[in-house]
Enquirer: 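Have a look at this one before I ask anything.
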Amino acid sequence: MADHDLVDVSISADDADWLADFTRSLVEDKLAACGNLIPGVRSVYRWDGAIHDDQQTLVILHTRADLVPAIIERANTDHPDTTPQVLAVPVLDAHPGYRQWVIDSTS
């Protein structure tokens, strides 16, 4: 597997506890090797014609590209937002040991 088969997936949510539980479920189900939760993210965005300025929590998931559809489906089912932020970004390179750990930790 080439490094470009690894991705980081970011997901944001208003409720930090919900996002931590959601992340834990993805790790338990081997859809992600790890999730780094970043609290206190300030999100400024346009939604329904209005500008919003909200405090959110962001998670960066480390996973394989072929698991992104399952993560999106899980977000569609479980995320409290109608249109949740779920963005997958390819990993260009990685420490060989960490890369292998991500592969071994996901299925």
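Position 1 is the first residue of the sequence; numbering continues from there. From a predicted model like this one, the values you see are computed outputs, not experimental measurements.
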Enquirer: Between Arg42 and Asp53, is there a salt bridge with N-O shorter than 4.0 Å?
Expert: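 Salt bridge present between Asp53 and Arg42.
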Enquirer: Would Val7 and Val68 satisfy side-chain contact (heavy atoms from CB on, under 4.5 Å), going step by step from the backbone distance to the final call?
Expert: CA-CA 8 Å; Val7 296; Val68 172; 3.6 Å; yes
Enquirer: Determine whether Leu26 and Ile72 fall in the same hydrophobic cluster, where Ile, Leu, Val, Met, Phe, Trp and Tyr are linked whenever their side-chain heavy atoms lie under 4.5 Å apart.
Expert: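 Yes, because Leu26 and Ile72 connect within a single hydrophobic cluster, where side-chain heavy atoms sit under 4.5 Å apart.
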Enquirer: Determine, using the 4.5 Å side-chain heavy-atom cutoff (strictly less than), whether Leu61 and Leu37 are members of one ILVMFWY cluster.
Expert: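 Yes; tracing contacts between hydrophobic side chains, which count when under 4.5 Å, links both residues.
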Enquirer: Hey, could you give me the CH2/NE2 distance between Trp101 and His62, rounded to the nearest 0.5 Å?
Expert: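 Those atoms lie 7.5 Å apart.
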Enquirer: Once rounded to the nearest 0.5 Å, what's the spacing between atom CG of Leu6 and atom CG of Asp66?
Expert: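 Rounded to the nearest 0.5 Å, the CG-CG separation comes out at 10.0 Å.
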Enquirer: Specify the closest pair of heavy atoms between Thr57 and Pro39, including all atoms of both residues, with the distance to one decimal.
Expert: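 Taking Thr57 first and Pro39 second, the nearest heavy atoms are OG1-CA, 3.9 Å.
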Enquirer: Within this structure, what is the OG1-CZ distance for the pair Thr77 and Arg74, rounded to the nearest 0.5 Å?
Expert: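 Reported to 0.5 Å precision, the distance equals 8.0 Å.
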Enquirer: How would you list, by chain and number, every residue that makes a ring pair (Phe, Tyr, Trp, His ring centres under 6.0 Å) with Trp18, sequence neighbours excluded?
Expert: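 Result, ring pair (Phe, Tyr, Trp, His ring centres under 6.0 Å) vs Trp18: Phe22, His79.
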Enquirer: About how many Å separate OG of Ser10 and CG of Leu87, when rounded to the nearest 0.5 Å?
Expert: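 So the CG of Leu87 and the OG of Ser10 are separated by 4.5 Å.
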Enquirer: With rounding to the nearest 0.5 Å, note down the distance linking OG in Ser12 to OH in Tyr45.
Expert: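 These two atoms lie 8.0 Å from each other.
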Enquirer: Do you know the tightest heavy-atom contact between Ala33 and Thr106?
Expert: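 It is N-CG2, 3.5 Å.
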Enquirer: Among the clusters formed by ILVMFWY side chains lying less than 4.5 Å apart, do Val41 and Ile60 turn up in the same one?
Expert: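 Same hydrophobic cluster.
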Enquirer: Applying side-chain hydrogen bond (donor to acceptor under 3.5 Å, both in side chains) between Ser43 and each of Gln56, Gln55, His52, report the one that passes.
Expert: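 Option passing the side-chain hydrogen bond (donor to acceptor under 3.5 Å, both in side chains) with Ser43: Gln56.
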Enquirer: Rounded to the nearest 0.5 Å, what separates atom CG in Leu58 from atom CD1 in Ile38?
Expert: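 Leu58 CG to Ile38 CD1: 5.0 Å, rounded to 0.5 Å.
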Enquirer: Do side-chain atoms of Asp81 reach the backbone of Thr83 as a donor and acceptor pair under 3.5 angstrom?
Expert: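 Not confirmed, Asp81 side chain does not pair with Thr83 backbone.
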Enquirer: State whether the side chain of Thr63 and the backbone N or O of Leu31 hold a donor-acceptor pair below 3.5 Å, judged by distance alone.
Expert: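 Present.
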